[in-house]
Every structure is written in structure tokens, then in C-alpha cells.
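Reviewing the structure listed below.
By convention in this document, chain letters (A, B, ...) are assigned in the order of the sequence lines, proteins followed by strands, and residues within each chain are numbered from 1. The structure presented is a predicted model; accordingly, all values stated were derived computationally and were not measured.
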There are 2 protein chains.
Amino acid sequence: MAAKQRVVNLSTIRQACSECSLFQLCLPVTLDAEDVEQLEDIVQRRRPLRRGEYLYRAEDPFRAIYAVRAGAIKTTVLSINGEEQITGFHLPGEILGLDAINSGRHPCSAQALETTSVCEIPFDNLEYLATKIPGLQQSLLRIMSKEIFKDHELLYAVAKRSADERLAIVLLSFSNRFGRRGLSRTRFRLPMSRAELSNYLGLAPETMSRLFRRFQEQGLITASGKEIALQDIGALRDLAYGYGCEANQRHLRS
Amino acid sequence: MAAKQRVVNLSTIRQACSECSLFQLCLPVTLDAEDVEQLEDIVQRRRPLRRGEYLYRAEDPFRAIYAVRAGAIKTTVLSINGEEQITGFHLPGEILGLDAINSGRHPCSAQALETTSVCEIPFDNLEYLATKIPGLQQSLLRIMSKEIFKDHELLYAVAKRSADERLAIVLLSFSNRFGRRGLSRTRFRLPMSRAELSNYLGLAPETMSRLFRRFQEQGLITASGKEIALQDIGALRDLAYGYGCEANQRHLRS
DNA sequence: ATAATGCATTGACGTCGATCAAGATGGAGG
DNA sequence: CCTCCATCTTGATCGACGTCAATGCATTAT
């Protein structure tokens, strides 16, 4: 078993949530300045992870939840025969580790897809703080609720949608997630490989490759490597949400 | 649009959590007698739902979460073209409605599979109480964490497993859930139809039917209608968790 | 520059499970 | 008891997607 490269508080520094551009994404609630200050006291930053490094591994004891500051992280569960299933991609402003609260151990591994920095939020401290700050408790519950909701949507997508619908859904999801950070909704760089994307969607890498070609032939997107440009968002939406229906445009993972 | 048959506080009575046999399942934490009493003050029981009645519908405003006392409930999301995807089955002692906290509206509908009674827990009250009782806050967070974890497992099952593996997984899941209520782990009555089960697993009803036949021919189960008897749990586990591996027997939805 | 490595692409082929269609079963109601 | 309707079953067929295998392409190491 590989040595767990746990970096214990080594290069952690006090974090300035109040100045973080991602704060509204991270904790979408109204906390007054004093509350935020208390929060800053417990949030720590760790040494950035290099591509491939683990933030935590499955079965690791649960100590903290994490917010991505920059980069990207994938969470995976491992089956007995050693093949992995990717359960989520986590972009800046998004929280991970919540699935470990119940058992006290991380049920999945979290691995950096590229150079990634995260804020570490020790859970005991957070939980204590939440009893003092009602707004924080509320925020926590909402974040977790949203996670459950997103999982249900993803489940539906994987269970009931065809391969091209799934791809459309996930492309629009990334589009939204980049967009709300103020980046382009139509041109972005995917942090994961085709193989990882296909794994996430429950497809074979070859199928993903063929899909990308078809989408380009149909003028829906252009792609060169990980650089993606959405050329016909309307058509993608039609694929993802059914034909031309403008209602019910809740976006997967948005 | 059908009239929403909301039963507002009509026949609600104060609930005696302290005497409920499902309490440990519902809220698996240590609350002292005084805390439980406070909880009882806010928990209400509603008139039992008849088969097919809705507890809530998608888009309904979120007011409360619910604990199943008896019976069974399915939660479903509706796609644009009107077909439904079942996102979960909820048995006695299990909580539903958590996915609505974030948006303030229920993202899915909840419908009784048979005559079902539930405890209603108004969320505002619960949230307030949680700020007063740390153990309750902790419990809430754990329940939600577990929900996220289960969703990830289910996602993995649907995305990566073959039809027979999925059936084995879900049968063992029900076995556990009946077992922990003190009922038989090997003989039980499924509350849902074959069609609903197949929908949940992302399969066609015909496939489900064939699977049941094959499982019976192979001596894994016997089934007559909704009555199921697991004849060879070991073999089912092999199917569900990989060949003969005794480790890692985390059970889906257990 | 060349080799080596890892990921992406492309094609050929097979299979699992969906779909279509037709009975069988069984429960609810008269 | 019989009828009626929904659900379940069974068979035949088809297609989407996985698998296998070969090749291309890019990046890094030699």
C-alpha cells in the first residue's frame, strides 16, 4: 500500500474568506463580518496538490471538508476488482468530503486532476461554529441538500439517457460552472481526460471519442484536446432537456 | 393539474418519538430525554396516505422533512416528455425530503406505494432546535451525509453494473433494511411493482421479469408476486460485490 | 532526433438489454 | 362466478454501446 502522503498542517496559513472571489459559491449565505472572521480562523490552506496527488484516500479517517480554490479534483470509488468509478468532478468554489460525515471515514478517494489548491475546513471546528452561527448551519445543510439533489439528477441522467444526451448534459454543466465563476460559458478547458469523462458518465472511452467526433460533425461543438467550444448551445440543450422545452432548465450540477 | 390534496395539520397529533421502535433508525444519535421531548413537540403525524397518494409533489414549497413510520414511499423525478425516474424507495425509519432544503422546493414527488403513515417534521422548527441541541445538528448532518454516500453507491451500481448485478445489489439492500428493523433478512414482501423496481435500476420491465426467472432457475431466490425469499445470499453477494470477496461488504443503502 | 509512454482515435464485431408484440396471470368489482 | 384491466411474462428482433485490436498523435525521456 502506497504511503499516504498526508501533509499535516505543515504549510497551512490562515485563510481570508472575506477576500476570496469564490466565497459566494462556497458558502452562499449571508454571514456578517464577525461570523466570517470566526470562519476564517478555522479555515486553513494546504500546500497545493500536484496532478495525481491525493487529497484523501478511501477509508482515510474523516477530519475536514475541503473547498477547491484553484484546479480540479475527481472523487472516485474503487470496486473490488480494482476498477474505479468517478463519482464527481470538483471545480473551484465547490465543496467535497461531505459524504464522509456519516461514517467518519472517507468513502471515496479525492485526487487532483491538475495543480490544485484547496481550503481545509476541520469538521469538528465547523460543526461547533455552526451551533453558534445559525446562518452557517443553514448554509451547511443547504450545501448538503444540493449535493443530494445533484446526485439524483446525475443518477437519472446515467440511468435513463442515451450516450449523446449524457454528453450534452455534462458539457452544459461545465458551461454553467465556468460561467458562474465569470469565465466563458462557451469556451473552456476541461480538466479531465476523455477517459475520465466517459468513466464518469458510465460509457466506454471509445464511445466518448466517437461522440466528440459526431458532435463536431454536427456543428454542436469544436474540440481540440481538452479545449472545448460550444457552438450551438440551443441544440445541446435540446439534447439534454428534451426538444425545445424552455421550462425546467435546471442544469445538472449547476 | 390535479388538485393538490394537501392535508394541513388537520389530524396531526403530538408524536411520541421516545416510544417509537424506529427512533434509532430515524435519528441515530444520543439525545437525552429532555432533547427528545423538545423534538416530540415539533414532530407531527399526518393522516395515513393511501396507495398512490402524494406526500408532496415536485415544485411544492418545502416546509418539512418526513420520516416513514409504516408503509413505503417512492420518490420520482419527471422528465420533460413525461416519463418518470424513481430516485428512491423509502421504508419505515427512513427520512425523505432532504433534497429540497437547498432550493426551498421539492425537486421530486413522493408517492405512497401502499398505505403509509409518516411523521412530519417542520424544517424551520427542526433547524431552530438544531442550533440548541448540538447532538441534533450532528445527527442531521450525518443523515444527509449518508444520503449522499448512498447516492454515490447507487450511481456506481447503475453506471457500471450489469442488470443481474444490479438486481442482486438491490435485493441485498432490501434484505438489510428489513433486517435492521428486526424482520427477516431472507423472506420479505417488496412494496413496489416489478416495473417500479426496474425503473429504479434503469432497466426495462421485461428485463426485470427475465432476471427474476433466471434468479429462480439458478436457485438464488424464490419469488411469488411481491413475496421474495433469498435462497442463496452468498451467491447474491458474489454477484453484488464481486467474486467471493468477504471484505468491503458495504451494502448499498444499508 | 529518436524512442518510449500514455492517451485518443478508428474500425470490426459481438452482446446485452431495449423494444415490439402477443399471451398469461391475477386482483378488483360487479 | 365471471369480466375487465393492469401487471407480469415470454418470445423475437434490433440497435446502441462495449470490447478487442490496430493505429495515430503528443509529450517526455534518452
Side-chain angles (χ1 to χ4, degrees), chain A residues 50-52 72 74 79 81-86 111 113-115 156-171 189-218 221-228 239, chain B residues 50-52 74 79 81 83-86 111 113-115 156-171 189-218 221-228 239:
Chain A
R50 283 187 295 273
R51 175 185 162 83
K74 69 171 175 182
S79 79
N81 40 42
E83 54 194 53
E84 77 175 23
Q85 165 69 26
I86 296 175
Q111 193 175 14
L113 292 169
E114 55 194 39
T115 302
Y156 176 70
V158 170
K160 285 284 151 58
R161 303 307 198 87
S162 64
D164 50 359
E165 289 169 339
R166 293 184 212 178
L167 179 55
I169 288 169
V170 83
L171 287 177
R189 181 186 175 80
L190 293 175
M192 76 292 296
S193 70
R194 299 287 148 91
E196 286 165 331
L197 196 57
S198 65
N199 177 301
Y200 178 63
L201 294 176
L203 299 170
E206 295 91 332
T207 304
M208 184 88 319
S209 183
R210 286 184 249 271
L211 273 178
F212 265 87
R213 185 159 56 93
R214 252 195 41 217
F215 273 31
Q216 291 189 73
E217 288 167 3
Q218 296 172 348
I221 64 171
T222 55
S224 120
K226 292 176 176 175
E227 296 290 342
I228 306 286
L239 259 178
Chain B
R50 282 186 296 272
R51 174 185 162 82
K74 68 171 176 182
S79 79
N81 40 43
E83 55 194 53
E84 79 175 22
Q85 165 68 26
I86 297 175
Q111 193 175 14
L113 292 170
E114 55 194 40
T115 303
Y156 177 70
V158 170
K160 284 285 151 56
R161 303 307 199 86
S162 64
D164 50 359
E165 289 169 338
R166 292 184 213 178
L167 179 55
I169 288 170
V170 83
L171 287 176
R189 180 185 175 79
L190 292 174
M192 76 292 295
S193 72
R194 297 288 148 91
E196 286 165 330
L197 197 56
S198 66
N199 177 301
Y200 177 62
L201 294 175
L203 299 171
E206 295 93 331
T207 303
M208 185 89 317
S209 181
R210 285 184 249 272
L211 273 178
F212 265 88
R213 184 160 58 93
R214 252 194 42 218
F215 273 31
Q216 291 189 72
E217 286 167 3
Q218 297 172 347
I221 63 172
T222 56
S224 119
K226 291 177 176 175
E227 296 289 342
I228 305 287
L239 258 179

Measure from CZ on A:Arg51 to P on D:dT28 and round the result to the nearest Å. 10 Å

Taking CG from A:Asn199 and C1' from C:dC7, how many angstroms apart are they, rounded to a whole number? 15 Å

Which whole-number value in Å describes the distance from B:Leu211 CG to D:dT10 P? 13 Å

A:Leu167 CG - C:dA8 P separation (whole Å): 14 Å

Those residues that, when tested against A:Arg213, pass salt bridge (charged side-chain N to carboxylate O under 4.0 Å, His left out) (two or more places apart): A:Glu217

Considering just the side-chain nitrogens and oxygens of A:Arg194, establish if one lies under 4.0 Å of OP1 or OP2 belonging to C:dT9. yes

Using atom NZ of B:Lys226 as one end and atom P of D:dC8 as the other, report the distance to the nearest whole Å. 7 Å

The contact string for nucleotides 11-30 of chain C, one letter per nucleotide 5' to 3', using protein heavy atoms under 4.0 Å with B, S and - for base, sugar-phosphate only and none, comes out as BB----SSBB----------

List for me each residue that meets salt bridge (charged side-chain N to carboxylate O under 4.0 Å, His left out) alongside B:Arg214, sequence neighbours excluded, and say none if there are none. B:Asp164

Checking the side chain of A:Arg51 only, and the main-chain atoms of A:Leu113 only, is there a donor and an acceptor separated by less than 3.5 Å? yes

Applying salt bridge (charged side-chain N to carboxylate O under 4.0 Å, His left out), name anything that partners B:Glu206, two or more places apart in sequence or on another chain. none

Output the rounded distance in Å from CD (A:Glu217) to P (C:dT9). 12 Å

Using the side chain to side chain donor-acceptor pair (under 3.5 Å) criterion, which residues pair with B:Asn199? Sequence neighbours excluded. A:Lys160

Counterpart residues, salt bridge (charged side-chain N to carboxylate O under 4.0 Å, His left out), relative to B:Glu227 (two or more places apart): B:Arg189

